[in-house]
Amino acid sequence: QVQLVESGGGLVQAGGSLRLSCAVSGFTLDYYAIGWFRQAPGKERERISCISSTSSAGNTNYADSVKGRFTISRDDAKKTVYMQMNNLKPEDTAVYYCAALPPPLSRFCWISNSHYNYWGQGTQVTVSS
């Protein structure tokens, strides 16, 4: 059974940091790309970062809104993908989701959300000013 479980969210002051984790099970992470998305109240789900499959060199991409502040990484042995979030801003407040993109598309992770097959339940991040 495929499962993605996010953790690491919470309440933090502006300028602070959090590290989100996405633990996966039920598939071989090495071959999958993983994306991080977020959705704030009343807004559409936004793709913020992704990392391609390890076999495709694990290339990373970021939305302009988080570039330079967020870093995505993966540890296939631990079946976990991380997103380090630094210099958080109140506008980063949202529910954060991870999702898995299967091969062969996993070579190119910065593609439409609709190609991501499996999604986690999300973790809340709240940044106070």
Side-chain angles (χ1 to χ4, degrees):
Q1 181 181 359
V2 172
Q3 225 176 358
L4 290 87
V5 179
E6 303 94 338
S7 62
L11 174 63
V12 64
Q13 288 190 331
S17 298
L18 287 173
R19 189 176 79 155
L20 303 185
S21 298
C22 174
V24 311
S25 59
F27 61 94
T28 303
L29 179 59
D30 313 43
Y31 302 117
Y32 281 69
I34 298 293
W36 281 99
F37 304 78
R38 68 185 181 189
Q39 188 165 21
K43 294 189 176 182
E44 291 189 356
R45 188 168 294 188
E46 174 190 15
R47 180 182 56 208
I48 55 173
S49 70
C50 68
I51 185 165
S52 66
S53 61
T54 299
S55 58
S56 302
N59 295 314
T60 59
N61 295 87
Y62 300 93
D64 289 342
S65 57
V66 305
K67 199 172 292 183
R69 300 187 297 123
F70 291 10
T71 303
I72 190 171
S73 61
R74 62 192 296 153
D75 186 335
D76 292 339
K78 293 184 177 179
K79 304 200 74 173
T80 302
V81 174
Y82 305 96
M83 187 162 69
Q84 178 66 40
M85 307 189 297
N86 297 329
N87 191 23
L88 283 161
K89 304 175 181 180
E91 52 263 43
D92 294 319
T93 295
V95 178
Y96 283 70
Y97 302 88
C98 62
L101 175 67
L105 292 177
S106 55
R107 296 179 296 165
F108 318 106
C109 65
W110 201 249
I111 60 176
S112 170
N113 300 4
S114 62
H115 292 294
Y116 281 80
N117 283 13
Y118 307 112
W119 292 78
Q121 293 301 304
T123 185
Q124 176 71 46
V125 171
T126 303
V127 184
S128 63
S129 56

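In this chain, numbering begins with 1 at the start of the sequence shown. Here the structure is a predicted model, which means the values were calculated and not measured.
Sorted by first and then second residue, the side-chain hydrogen bond (donor to acceptor under 3.5 Å, both in side chains) pairs involving residues 94-107 (not counting sequence neighbours) are R38-Y96. The side-chain hydrogen bond (donor to acceptor under 3.5 Å, both in side chains) analysis of residues 18-27, with sequence neighbours excluded, yields no pairs.
Here the CG-OG distance, from D30 to S53, works out to 9.0 Å after rounding to the nearest 0.5 Å. A distance of 5.0 Å separates SG of C22 from CH2 of W36, quoted to the nearest 0.5 Å. The OG1 atom of T80 sits 8.0 Å away from atom CG of L29, with the distance rounded to the nearest 0.5 Å. The CZ atom of R47 lies 6.5 Å from the CZ atom of F37; values are rounded to the nearest 0.5 Å. To the nearest 0.5 Å, atoms CD1 (I34) and SG (C98) are separated by 6.5 Å. Rounded to the nearest 0.5 angstrom, Q39 CD and I48 CD1 are separated by 12.0 Å.
Put simply, Y82 and L20 are part of two different groups of oily side chains (I, L, V, M, F, W, Y) that touch within less than 4.5 Å, one to the next. In the hydrophobic clustering of this structure, I51 groups with M83; members are Ile, Leu, Val, Met, Phe, Trp, Tyr whose side-chain heavy atoms approach within less than 4.5 Å, directly or through other members. A continuous path of Ile, Leu, Val, Met, Phe, Trp and Tyr side chains, each step under 4.5 Å between heavy atoms, connects V24 with Y31, placing both in one hydrophobic cluster.
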Side-chain donor/acceptor pairs under 3.5 Å, residues 58-73, sequence neighbours excluded:
{"unit_1": "N59", "atom_1": "ND2", "unit_2": "S56", "atom_2": "O", "d": "3.3"}
{"unit_1": "Y62", "atom_1": "OH", "unit_2": "I72", "atom_2": "N", "d": "2.9"}
{"unit_1": "D64", "atom_1": "OD1", "unit_2": "K67", "atom_2": "NZ", "d": "3.3"}
{"unit_1": "S65", "atom_1": "OG", "unit_2": "E46", "atom_2": "OE2", "d": "3.1"}
{"unit_1": "R69", "atom_1": "NH1", "unit_2": "N87", "atom_2": "O", "d": "3.0"}
{"unit_1": "R69", "atom_1": "NH1", "unit_2": "D92", "atom_2": "OD2", "d": "2.7"}
{"unit_1": "R69", "atom_1": "NH2", "unit_2": "S65", "atom_2": "O", "d": "2.8"}
{"unit_1": "R69", "atom_1": "NH2", "unit_2": "D92", "atom_2": "OD1", "d": "3.0"}
{"unit_1": "R69", "atom_1": "NH2", "unit_2": "D92", "atom_2": "OD2", "d": "3.4"}

For residues 113-122, tabulate all N or O donor-acceptor pairs below 3.5 Å that involve a side-chain atom, not counting sequence neighbours.
{"unit_1": "S114", "atom_1": "OG", "unit_2": "S112", "atom_2": "OG", "d": "2.9"}
{"unit_1": "Y116", "atom_1": "OH", "unit_2": "C109", "atom_2": "O", "d": "2.7"}
{"unit_1": "W119", "atom_1": "NE1", "unit_2": "Y116", "atom_2": "O", "d": "3.1"}

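For the residue pair P90 and S129, the shortest heavy atom distance occurs at CG-CB, 3.9 Å.
Taking the salt bridge (charged side-chain N to carboxylate O under 4.0 Å, His left out) definition, one finds that D76 meets it with R74, sequence neighbours left out. Residues forming a ring pair (Phe, Tyr, Trp, His ring centres under 6.0 Å) with Y32 (at least two apart in sequence, or on another chain): F27.
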Margin query: Between L18 and V125, is the side-chain contact (heavy atoms from CB on, under 4.5 Å) condition met? List the steps.
Written below: CA-CA 9 Å; L18 287 173; V125 171; 3.9 Å; yes
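The backbone N or O of T126 sits nowhere less than 3.5 Å from a side-chain atom of T93 that would complete a donor-acceptor pair. Listed for the Q124 side chain is no donor-acceptor partner under 3.5 Å among the backbone atoms of G10.
Two residues are said to be in side-chain contact when any heavy atoms from C-beta on lie closer than 4.5 Å; M85 and S17 fail this criterion.
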